[in-house]
Amino acid sequence: MNRNNEKKEGFPIDLETPIFFIVGRGRSGSTLLQMMLDAHPNIQVPLESRFVVYLYKKYAHQKVWSQTVLKQFIVDLSQEKKINLYWDLDWAKLEKNILAQPENTSFAKLCKLVYCHHISFFPKSEILLIGDKNPINSVFVPQLMEIFPDAKFIHLVRDPRANICSHLKSKMETNLGMAALKWVEFNKYVEKVKLLRPKNYFLLRYEDFVSDPEIWLKEITCFLQMEFRSEMLEYRSILTRKYQSSEKDLRYELFSAYHQNLQKPVNKNLINNWKAYFSKEEIGQIEGIVHERMLKYDYIPATDNIRSASFREKLHFLYRMKRLHAYYESPLFVRTGIAGLKNFLKPNKTENHANSN
């Protein structure tokens, strides 16, 4: 692989390292896939953060990166909540290497610097591939393709009934119709952009993945032009050994609290748990909303008693999506102010993890 290496003394990171994104609706197994891929010694897939889309509006089109701009970039980066909550960064080292960049650097290269400074739960050697997992990226795929034109995307899809069941159980969603509309739209966003560069996309159904992780990890690493490594299947035992023999890691404890199933073996027998959770009427309501798209992914309807989303549900959904886009389109100082106000008004409230959009 021929790359234009851009290395600094004492900092052997290739800023042309390729990147990929795991996209799709949250609660579709993306964290499981992220952990498995991050267990590869040459793949860096940090914990979830929105810093790329968070900083996109202000910095994506920056042409001249003076020391003043680079310093402000570091300040703004530090305001992204999940970076502080889940990432273990050596801020002094990161700042040193960001400030060492030339004036003609790019937003993409600075993002890669940030990714590579994340301290993984897993041992790393040379980083040959960077990954990013965040469901919100599904809505911003065009922006990601603009920043990283050669990026690859793993589109992870889960049975909508199981996905919605997971959202309701975890209380990430409280409205069944809203959860169904989001499943449709998040996947529709990805499919629309996928038409532009179909060879850069890999479609993976959650049910297939958990039924035979090894086969699918081999397919995925081939797609990413990486060698399959058995450590990816052993991620749980690696984590267990690491944290049984070391001091407590608050970051890991927070992460584990939100992803308790990751501490258990992959269990394909849980795929159809939604059948016992929903009534026939609720299944009909879900299938009425997701019907066309679920057939696209070869999910078989369980009932003919279907109804579409109500006008009120559709209107509420459109409002929430418009609000989401408006938030990320607004100036960074406005978003920072909103976050500060929320923290002031609710100082003891812990942010709901992952898909709270």
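All residue numbers refer to positions in the sequence shown, counting from 1. As a basis for the values below, the full set of heavy atoms in this structure was taken, side chains included, without hydrogen atoms, waters or symmetry mates.
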- [ ] Kindly say whether Phe140 contributes a backbone atom to a donor-acceptor pair with the side chain of Asn137 at under 3.5 angstrom?
- [x] no

Open item on the list: Does Arg312 qualify as a cation-pi partner of Phe317, given the criterion of NZ or CZ under 6.0 Å from the six-membered ring centre and within 45 degrees of its axis?
Closed with: no

Open item on the list: Is the distance between the ring centroids of Tyr59 and Phe73 under 6.0 Å?
Closed with: yes

Task: Spatial distance of atom CD1 (Ile130) from atom CG (Leu128) [nearest 0.5 Å] - done: 10.0 Å

Open item on the list: Can you confirm whether the side chains of Lys93 and His117 place a donor and an acceptor under 3.5 Å from each other?
Closed with: no

Task: Hydrophobic cluster identity match, Val190 and Leu196, side-chain contacts under 4.5 Å - done: yes

Open item on the list: Distance alone, cut at 3.5 Å: any donor-acceptor contact between the side chains of Tyr299 and Glu207?
Closed with: yes

- [ ] Using a strict cut-off of less than 4.0 Å between a Lys/Arg side-chain nitrogen and an Asp/Glu carboxylate oxygen, indicate whether Glu287 and Arg161 qualify as a salt bridge.
- [x] yes

- [ ] Measure centre to centre between the rings of Phe311 and His316, then say whether the value is under 6.0 Å.
- [x] no

Open item on the list: Atom CD of residue position Gln67 - does it have more than 12 heavy atoms of other residues, nucleotides or ligands inside 6.0 Å?
Closed with: yes

Open item on the list: Lys188 vs Glu191, test: salt bridge (Lys or Arg N to Asp or Glu O under 4.0 Å). Steps then yes/no.
Closed with: CA-CA 5 Å; Lys188 188 185 290 186; Glu191 292 289 351; over 6 Å; no

- [ ] Please answer whether the main-chain N or O of Pro46 pairs with a side-chain N or O of Asp38 as donor and acceptor at a distance below 3.5 Å.
- [x] no

Task: Inter-residue atom distance Glu227.CD - Ile43.CD1, 0.5 Å rounding - done: 10.5 Å

Open item on the list: Tell me if a side-chain donor or acceptor on Trp183 pairs with a main-chain N or O of Asp159 at a distance below 3.5 Å.
Closed with: no

TODO: Would you please indicate yes or no on a ring centroid separation below 6.0 angstrom for Tyr115 and Phe51?
DONE: yes

Task: Check: Thr17/Lys112 side-chain N/O donor and acceptor closer than 3.5 Å - done: no

Open item on the list: Please report the interatomic distance CD1(Ile283) to CG(Leu176), rounded to the nearest 0.5 Å.
Closed with: 10.0 Å

- [ ] Salt-bridge test for Lys182 and Glu185: reply yes if a basic N is under 4.0 Å from a carboxylate O, no otherwise.
- [x] no

TODO: Tell me whether the guanidinium CZ or amine NZ of Lys218 lies under 6.0 angstrom from the six-membered ring centre of Phe228 and within 45° of its axis.
DONE: yes

Task: Test applied, side-chain hydrogen bond (donor to acceptor under 3.5 Å, both in side chains); reference residue, Tyr56; option that passes from Glu146, Gln143, Arg50 - done: Glu146

Open item on the list: Can a side-chain donor-acceptor contact be found between Asn84 and Ser78 if the only test is distance below 3.5 angstrom?
Closed with: no

- [ ] Give the cluster check for Leu315 versus Met321: same hydrophobic cluster or not, with ILVMFWY residues linked at side-chain heavy-atom distances below 4.5 Å.
- [x] no

Open item on the list: Check for me, please, whether Leu99 and Leu89 land in the same ILVMFWY cluster - side-chain distances under 4.5 Å, paths through other members count.
Closed with: yes

- [ ] Ignoring hydrogens and angles, state whether a donor on the side chain of Arg27 or Ser166 is under 3.5 Å from an acceptor on the partner side chain.
- [x] yes

Open item on the list: Against Gln34, only a single residue in Asp132, Val45, Ile154 fulfils side-chain contact (heavy atoms from CB on, under 4.5 Å); can you say which?
Closed with: Val45

Open item on the list: Less than 4.0 angstrom from a charged side-chain N to a carboxylate O is my criterion; do Glu16 and Lys109 meet it?
Closed with: yes

Task: Test item: Phe21 and Ser138 side chains (from C-beta on) under 4.5 Å apart, heavy atoms - done: no

Open item on the list: Between Arg25 and Val184 (side chain of the first, backbone of the second, donor and acceptor by atom type, cut-off under 3.5 Å), is there such a pair?
Closed with: no

Task: Pair Glu173 + Arg320: basic N to acidic O under 4.0 Å - done: yes

Open item on the list: Any side-chain to backbone donor/acceptor pair from Thr221 onto Leu217? Under 3.5 Å, distance only.
Closed with: yes

